[in-house]
Amino acid sequence: MTAVTGRVAAAERGETRIADRVVAKIAAQAAKEAVDDPPPDGASPRATVTVHRDAARVRVSLELGYPGDIGRQCGAVRSRVAQQVKALAGMEVPEVAVQVERLYPATSAAQGRIR
């Protein structure tokens with residue numbers, strides 16, 4: 001049996017790269033979780049991501065109910081997306097841009113669930 005000498009530290013053996021599309025899926029799911037009352041027949045949130053080293057810039061497109069506090073909901077989406085990308089991908093998120101694609105009547109969403 002021979003002794004192992006000259007071990008290489010884990011950080012020096014290689015690196016782990018997470019594809020942009022994986023980070024985008026994490027961001028889209030986080031946005032979906034953050035929306036208060038998602039449209040029953042609407043599209044799920046979509047995200048695009050630009051990764052540079054250990055930082056991800058995220059753009060999320062989604063639909064929101066109206067009337068409602070759009071600013072608060074967008075803030076909740078930004079916060080949740082940044083938190084989840086950091087937790088699951090280990091990346092800093094200096095920017096989350098939220099684009100509201102469509103507003104739908106919140107009352108019709110509630111009626112759609114009653115049926």
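What you see below is based on every heavy atom in this structure, not just the backbone, and it leaves out hydrogens, waters and symmetry mates.
The environment of R17 atom CZ is sparse: at most 12 non-hydrogen atoms of other residues, nucleotides or ligands sit within 6.0 angstrom.
Scanning both residues, A27 and A47, for their nearest heavy atoms gives CB-CB, 3.8 Å. The two residues C74 and L64 have their closest heavy-atom pair at SG-CD1, 4.2 Å. Between V81 and A31 the shortest heavy-atom distance is CG2-N, 3.9 Å.
With rounding to the nearest 0.5 angstrom, the CD1 atom of I26 is 12.5 Å from the CZ atom of R21.
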List the steps, then state whether side chain to side chain contact (heavy atoms under 4.5 Å, CB included) holds for I18 with V23.
-> CA-CA 7 Å; I18 300 172; V23 179; 3.8 Å; yes

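With sequence neighbours excluded, no residue forms a salt bridge (charged side-chain N to carboxylate O under 4.0 Å, His left out) with R78. Under the side-chain hydrogen bond (donor to acceptor under 3.5 Å, both in side chains) criterion, Q84 pairs with no residue, sequence neighbours left out. Residues passing the side-chain hydrogen bond (donor to acceptor under 3.5 Å, both in side chains) test with Q73: none are found, sequence neighbours excluded. Annotation: side-chain contact (heavy atoms from CB on, under 4.5 Å) contacts of K25 (sequence neighbours excluded): none. A search for side-chain contact (heavy atoms from CB on, under 4.5 Å) contacts involving R53 returns nothing, not counting sequence neighbours.
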For residues 90-103, which side-chain N or O atoms pair as donor and acceptor with protein atoms under 3.5 Å away, sequence neighbours left out?
unit_1 : atom_1 : unit_2 : atom_2 : d
E92    : OE2    : K86    : NZ     : 2.5
E95    : OE1    : R57    : NH1    : 3.2
Q99    : OE1    : R59    : NE     : 3.3
Q99    : OE1    : R59    : NH2    : 3.0
Q99    : NE2    : E101   : OE2    : 2.9
R102   : NE     : E63    : OE1    : 3.4
R102   : NH2    : E63    : OE1    : 3.2

